[in-house]
Every structure is written in C-alpha cells, then in structure tokens.
Amino acid sequence: MPITNLVWLTSSSEAFTPENKLAMEGAFNAQADWVARNLPSAPTDREARGVALFQQVEDPRVVMETAHWSSSDEHMTWLASEEYKTSSAPLGAHFDFSKLEYFHLDTDALRPVDAAAGEESLLSSPLISVARAQVPADKKAEFVQAWEKGKSILEDFVKPTVVRYGFRVQKSDPDTEEFVFIVGWPSIQKHREFAKSPRFPEHAGPLFAIAKGLASSHYKRIL
C-alpha cells in the first residue's frame, strides 16, 4: 500500500531560518541518494516522490515534511539505514525534537494530477490546508459515508486544484481514527469564502456531527 510520510518539525529558534532550510535540503538530498541506490524502481524526481517541505502560515516556526513510499516497511528500511542516521543528526541543531510528530497516511496524497484535465497539483498550489479530524473508531464507516456524500461540494469549489485524503496508519489512540484531508487553495481568503458558501453546511455539518474534533492549518511550500 503506498503511503505518505508526514512529519512536523518545529524550529528550536524563534523563527525558521535559512540554516534550518539548508539542513532540510541536505536531508532530502541524502534520502534521494539512498532511494536511487536501494530502490531502483522508485522515481528519482523529487516531485514524483511527493518530497516537499511546507511552512505553516499560522506558526512559521513549524514545517511539514512529506514523502511517498511504496509501503510503511519501505520507509522503515530507510529510517534504519546509516544514511538516515547520518543525514538526520544535523537536524537536532535546528529543530526541537521534543515537538516532533510524524505518521503515515494510507495514500500517496501528493501524487501527480491529470494536467490534461486541467488539474493543478498540491505541490504547485500557492497554499494548502491540512485538516485533521479525530473520528471515534466505531464511527469510521459512518464518517467515510458522510465524507463521500459531501466531498464533491469541496472538490467543485476548489477546482482546478485537488483534494486528497486518507486515514492515519499508526493510530495514537486505539479508540480514535484520524482522517486527514489536504486541499489546494489560491489564498486563505478563498478558504474562508468556502466556509461562508451556501453548500458548506451540507459538506461540513455531517462531518462535525461525527468527529470528536477537527483542526486545520495552512502551509506554503518552501522546498
């Protein structure tokens, strides 16, 4: 099962600095070299692998790292490698690892789009929102049904950008499923307009009725 690794890092300084960015670039390059040598069937292009770094708008100290892997096991093999240990060690001088958060999403969320159909990639979107819904495990099927029923309202509103979504693989709470959906936007204002649009209650109401909580943040790609 293809997965997307999502990693949240917080700068150890009061701002995200050029040195932070340079350290991440080094880590990305080390990962690309390892993939080229150990996963010959994997794409070598960074965008094809969904590798990117996004800076949060609400708290610019926070960045989100993304990458696709063919499976969780494949990613764990990278994490166990000496190359990973060597390339990730310098990040400790730039980020507060006590605030590190990561997990796998059960889809390749940043996969290429159908450009011929006019779709715009999340990787090239001026802005993305990442929403995380906490869903009672015994209501997962009900939540999925509500999402499938109303997702076209969101998809139609944001065209030509896309909506990608999936569930967290490694659960932090056995009684809770985490549903993540990522949306491309031209601006935060456009996102706010959706919340005021006539069909927003039809889309969001059933989801809020089931979820225990839902939080959303905005990000801009910087690598």
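Just so it is clear, the values below take in all heavy atoms, side chains as well, and ignore hydrogens, waters and symmetry mates.
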>> Determine whether Phe157 and His203 satisfy the following criterion, ring-ring contact (aromatic ring centres under 6.0 Å, His included), listing intermediate values before the conclusion.
In response: CA-CA 11 Å; Phe157 189 89; His203 161 74; over 10 Å; no

>> Walk me through whether Leu100 and Val7 qualify under side-chain contact (heavy atoms from CB on, under 4.5 Å).
In response: CA-CA 7 Å; Leu100 173 72; Val7 183; 3.6 Å; yes

> Could you go step by step and tell me if Glu193 and Lys196 meet the side-chain contact (heavy atoms from CB on, under 4.5 Å) rule?
Replying inline: CA-CA 5 Å; Glu193 289 174 9; Lys196 297 177 182 177; 5.8 Å; no

> So Phe16 and Arg61, side-chain contact (heavy atoms from CB on, under 4.5 Å) or not? Walk me through it.
Replying inline: CA-CA 5 Å; Phe16 185 83; Arg61 297 174 304 157; 5.6 Å; no

>> Please determine whether side-chain contact (heavy atoms from CB on, under 4.5 Å) holds for the pair Leu123 and Phe54, giving the CA-CA distance in whole Å, both sets of side-chain angles, and the decisive distance to 0.1 Å.
In response: CA-CA 9 Å; Leu123 290 173; Phe54 297 87; 4.0 Å; yes

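Residues Ile128 and Met64 have side chains in contact (heavy-atom distance under 4.5 Å, counting atoms from C-beta outward). Contact annotation: the side chain of His104 approaches that of Gln170 to within less than 4.5 Å [non-hydrogen atoms, C-beta and beyond]. Side-chain contact between Ile153 and Phe194 is present, with at least one heavy-atom pair separated by less than 4.5 Å.
Listed here is the closest heavy atom pair of Gly166 and Asp106: CA-OD1, 3.3 Å. Here the closest non-hydrogen pair linking Phe28 and Ala52 is CZ-O, 3.5 Å. Of all heavy-atom pairs between Ala42 and Val35, the closest is CB-CG1, 3.8 Å. Among all heavy-atom pairs drawn from Gln55 and Pro60, the shortest one is NE2-O, 2.8 Å. In terms of heavy atoms, Ala137 sits closest to Pro174 at CB-O, 3.9 Å. Closest approach of Ser11 and Ala15 over heavy atoms only: OG-O, 2.9 Å.
For Phe97, the CZ atom sits in a packed shell: over 12 heavy atoms of surrounding residues, nucleotides or ligands are nearer than 6.0 Å. Counting non-hydrogen atoms of other residues, nucleotides and ligands closer than 6.0 Å to NZ of Lys212 gives a total above 12. Other residues, nucleotides and ligands contribute only 12 or fewer heavy atoms inside 6.0 Å of the CD atom of Glu14.
The side chain to side chain contact (heavy atoms under 4.5 Å, CB included) test with Phe103 is passed by exactly one of Val180, Asn5, Val169, Ile3: Val180.
Atom CD1 of Ile188 and atom NZ of Lys220 lie 7.0 Å apart (nearest 0.5 Å). Atom OG of Ser81 and atom CH2 of Trp78 lie 4.5 Å apart (nearest 0.5 Å). For the atom pair Ser71 OG and Met76 CE, the distance stands at 10.5 Å (nearest 0.5 Å). To the nearest 0.5 Å, the span separating OG on Ser87 from CE on Met24 amounts to 9.5 Å. Interatomic distance, Leu105 CG to Ile182 CD1, rounded to the nearest 0.5 Å: 6.0 Å. For the atom pair Glu47 CD and His68 NE2, the distance stands at 11.0 Å (nearest 0.5 Å).
At a threshold of 4.5 Å between side-chain heavy atoms, the hydrophobic network of Ile, Leu, Val, Met, Phe, Trp and Tyr places Trp69 and Tyr84 in one connected group. When the side chains of ILVMFWY residues are joined at heavy-atom separations under 4.5 Å, either directly or via intervening members, Phe167 and Leu6 end up in two distinct hydrophobic clusters. Linking Ile, Leu, Val, Met, Phe, Trp and Tyr whenever their side-chain heavy atoms come within less than 4.5 Å puts Trp147 and Leu214 in one cluster. The hydrophobic cluster containing Val183 does not contain Val130, counting ILVMFWY residues as joined when their side-chain heavy atoms lie under 4.5 angstrom apart, directly or transitively. Note: the hydrophobic cluster containing Val57 does not contain Tyr219 (ILVMFWY, side chain heavy atoms under 4.5 Å, direct or indirect links).
A donor-acceptor pair under 3.5 Å is absent between the side-chain atoms of Lys139 and the main chain of Glu142, judged by distance alone. Judged purely by atom type and a 3.5 angstrom limit, Ser12 uses its side chain to pair as donor or acceptor with the backbone of His94. Formation of a donor-acceptor pair under 3.5 Å by the Ser125 side chain with backbone atoms of Gly184 is not found in this model. The main-chain N or O of Asn20 is found under 3.5 Å from a side-chain atom of Thr17 such that the two form a donor-acceptor pair. Of the possible donor and acceptor atoms, none in the side chain of Glu177 sits under 3.5 Å from a partner among the backbone N and O of Val135. The backbone N or O of Gly150 lies less than 3.5 Å from no partner atom in the side chain of Glu202, so there is not a single donor-acceptor pair. Looking at Glu58, its side chain does come within 3.5 Å of a backbone N or O of His218 through a donor-acceptor pair.
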Would you tabulate the side-chain donor-acceptor contacts of residues 109-117 under 3.5 Å, counting partners in other chains and residues two or more places apart, or write 'none'?
residue: Arg111; atom: NH1; partner: Thr107; partner atom: OG1; Å: 3.4
residue: Arg111; atom: NH1; partner: Asp108; partner atom: O; Å: 3.0
residue: Asp114; atom: OD1; partner: Ala116; partner atom: N; Å: 3.2
residue: Asp114; atom: OD1; partner: Ala117; partner atom: N; Å: 3.3

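In this structure, the side chain to side chain contact (heavy atoms under 4.5 Å, CB included) partners of Asn29, at least two apart in sequence or on a different chain, are Glu25, Arg46. Under the ring pair (Phe, Tyr, Trp, His ring centres under 6.0 Å) criterion, Trp185 pairs with His191, sequence neighbours left out.
Below 30°, between 30° and 60°, or above 60°: for Phe179 and Tyr165 the angle between ring planes is between 30° and 60°, a tilted geometry.
Both tests hold for Arg132 against Trp8: distance to the six-membered ring centre under 6.0 Å, angle to the ring axis within 45°.
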